[in-house]
Every structure is written in structure tokens, then in C-alpha cells.
Q: 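One structure coming up, written as C-alpha cells, with questions to follow.
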2 protein chains.
Amino acid sequence: MSEPEIFKVLSDPTRRAILERLAGGEATATDLREGFAITQPAMSQHLAVLRGAGLVSERREGRYAHYSVNAEGFAPLHAWLARYRAFWPSRIDNLKDLLREMDQ
Amino acid sequence: MSEPEIFKVLSDPTRRAILERLAGGEATATDLREGFAITQPAMSQHLAVLRGAGLVSERREGRYAHYSVNAEGFAPLHAWLARYRAFWPSRIDNLKDLLREMDQ
DNA sequence: TCAACACATAAGCATAGACTTATGAGTCGA
DNA sequence: TCGACTCATAAGTCTATGCTTATGTGTTGA
């Protein structure tokens with residue numbers, strides 16, 4: 001979604017932790033609660049926010065909601081950071097390093 | 001500075017606007033107030049937060065404080081976003097596009 | 001059909017943080 | 001030296017938001 005929104009969404013540590021968890025693969029809302037000292041509504045609300053920002057997608061299967069990272073959602077953040085490309089550390093500025101990093 | 005901190009710092013639209021302004025070149029705190037409907041202490045507080053996060057540096061010259069974007073400060077954000085590299089839009093995934101974009 | 005489940009929504013509370021005015025600390029020029 | 005300035009800090013207010021409990025909606029299986 002919009003750039004102003006995405007920063008607010010990512011400013012919450014719980015939501016960032018959820019994203020990292022989802023980066024490891026799809027998970028249901030209940031799966032996600034594991035490891036978080038959080039109630040079910042709180043998790044549901046966080047997922048709604050992430051969904052609203054387009055950072056995750058929901059795949060409904062019966063009574064289960066499977067969440068996963070949504071690729072395009074990170075584009076605004078990437079675009080914003082690109083504005084400060086000129087200010088990136090020289091480590092990153094070096095093209096070879098960047099390519100090596102892109103290859104994992 | 002730390003990754004949790006940087007997202008909170010960037011979640012404020014005024015601070016992002018300050019950064020964009022500074023990306024255009026060094027400026028004093030008073031210079032920066034121009035265009036912002038904000039009091040002097042508010043600006044000073046925002047600059048203190050940006051300074052604390054290592055996103056800007058301060059160059060003191062008499063009673064003037066000259067602020068500028070600090071390169072290394074964006075590294076944590078870049079590192080965080082890199083974790084989601086696998087989820088970047090295919091537009092960016094394409095190496096040629098990325099290189100073209102890097103060349104401006 | 002109905003109890004147990006998975007998830008979403010409503011409503012209220014409590015804290016974080018962005019703002020304000022007031023003031024302090026240091027620097028400059030007349 | 002002293003008033004005007006640039007900026008920082010203090011203290012208090014107000015709003016946004018992340019949390020809770022309570023409840024609603026839809027799905028599953030016995």
C-alpha cells in the first residue's frame with residue numbers, strides 16, 4: 001500500500017516478528033500464536049493490519065486462515081530506501097558485493 | 001543503530017520528510033523548519049531522534065547545527081529488507097532492471 | 001443438530017509518543 | 001557586556017494504538 005502506512009505497520013516489533021515467521025513459510029493464525037505471549041484477538045488484529053498494508057496474503061481454507069508473505073507489499077519500502085541509495089555504505093555500493101549478496 | 005529502533009524512528013512522517021530534505025544537502029535546524037508547520041522545539045526533538053538512530057550527523061559551527069544524512073544509518077534497514085529479497089517483485093528480481101535502476 | 005473449534009470484530013483501557021509553552025545554555029555582534 | 005540569536009531540554013497535554021475481555025460468524029465432526 002502507501003509508503004506512509006508501511007512504516008507505521010513495520011514499526012511494531014510483533015508484526016515484524018510475524019513477518020519473519022511467515023518468511024519461513026505459510027502458517028495459520030493459530031500456528032503463529034506459538035511463541036508469542038499474545039491473545040488470539042491481538043494476533044488477529046496484527047494480521048489484519050499486515051493484510052491491510054499488503055504485506056501478507058490470506059488463503060482461506062475452511063475455518064483456517066493461512067497467511068504468507070506477499071511479495072509486492074515490500075515494493076514501496078524498497079522504493080523509498082532506493083532514494084537513499086547514494087547514501088548506502090560503500091560495502092553495498094560496490095556492485096560486485098551487491099551481486100554476490102544477491103546470489104546469497 | 002538497532003533495527004527495532006530504526007523502524008520506530010522512520011514511522012513518523014515528519015522525520016521522513018526531514019530526511020528527504022537532508023538528502024538534498026546539509027541544512028541547519030532553522031533552515032529545516034521552513035515548510036514545516038512545526039515549532040522549533042519539535043524540530044529539535046525530531047533531529048535528536050534522528051541523531052540517536054544514527055540516520056543524520058551533526059556538524060557544529062558556532063551556534064549553528066548543520067545536519068546531514070548519515071550513510072551507515074540506513075544499513076540496518078537495508079539488511080532487514082534483504083531478508084525479504086526472495087519476496088521482491090519480479091521487476092526488481094530481474095538483474096538487468098536492478099542494474100539499470102542503480103545507474104539511475 | 002449441536003458442541004467445539006478458528007478466526008474476526010467490538011468496546012474499553014492504558015501507555016507511548018508527538019506536540020505545545022516555558023526556560024536554559026551557549027554564541028555572536030554592536 | 002549585553003541583547004539577540006540558535007538550539008536543546010523540561011514539563012505537561014492529547015491522541016494514536018496495542019492490549020485486553022466479551023462476543024459474533026462461520027466451519028467441522030460426532
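Quick note on labels: first sequence line is chain A, next is B, and so on, each numbered from 1.
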Q: Checking all strands, does A:E61 fall into the base, sugar-phosphate, or nothing category for heavy-atom contacts under 4.0 angstrom?
A: nothing
Q: Can you check the B:H46 NE2 to C:dG17 P distance for me, whole Å?
A: 13 Å
Q: So if I take residues 31-41 of chain A and measure heavy-atom distances to DNA chain D, which residues fall below 4.0 Å?
A: A:T39, A:P41
Q: Measure from NZ on B:K8 to C1' on D:dT17 and round the result to the nearest Å.
A: 10 Å
Q: Nearest nucleotide by nearest heavy atom, which residue falls closer to the 5' end of DNA chain C, A:A48 or A:Y64?
A: A:Y64
Q: Heavy atoms only: give me the nearest A:L22-A:Y67 pair and the separation to one decimal.
A: CD2-O, 3.3 Å
Q: Who are the salt bridge (Lys or Arg N to Asp or Glu O under 4.0 Å) partners of A:R59, not counting sequence neighbours?
A: A:E26, A:E61
Q: Are any of the side-chain heavy atoms of B:W80 and A:L77 separated by less than 4.5 Å?
A: yes
Q: Given atom CZ of A:R15 and atom P of D:dT17, what is their separation to the nearest angstrom?
A: 9 Å
Q: Looking at D:dG18, D:dA8, C:dA18, which one has an atom nearest to any side-chain atom of B:R60?
A: D:dA8
Q: Below the 4.0 Å mark, does C:dA6 have OP1 or OP2 next to a side-chain nitrogen or oxygen of A:Y67?
A: no
Q: Start with the C-alpha distance between A:F74 and A:L19, add both sets of side-chain angles, then the distance that settles side chain to side chain contact (heavy atoms under 4.5 Å, CB included), and finish with yes or no.
A: CA-CA 11 Å; A:F74 289 83; A:L19 280 175; 4.1 Å; yes
Q: Which atoms form the tightest heavy-atom contact between B:S57 and B:V69, and what is the distance?
A: OG-O, 4.3 Å
Q: Given atom CE of A:M43 and atom P of D:dT17, what is their separation to the nearest angstrom?
A: 20 Å
Q: Taking all atoms of both residues into account, what is the closest heavy-atom pair of B:Y64 and B:R60, and its distance?
A: O-CD, 3.6 Å
Q: In whole angstrom, give the distance that lies between atom CD of B:E58 and atom C1' of C:dG26.
A: 13 Å
Q: Output the rounded distance in Å from CZ (B:R63) to P (D:dG3).
A: 16 Å
Q: For C:dA16, take OP1 and OP2 only and decide whether either is under 4.0 Å from a side-chain N or O of A:S11.
A: no
Q: Whole angstroms only, please: what is the CD-P distance between A:Q45 and C:dA10?
A: 11 Å
Q: Does anything in residues 10-22 of chain B pair up under salt bridge (charged side-chain N to carboxylate O under 4.0 Å, His left out), and if so which pairs, sequence neighbours excluded?
A: A:E3-B:R16, A:R83-B:E20
Q: For B:L47 and D:dT6, give me the distance from atom CG to atom P, rounded to whole Å.
A: 15 Å
Q: Once you apply a heavy-atom cut-off of 4.0 Å, does A:A42 come out as touching a base, just sugar-phosphate, or nothing?
A: base
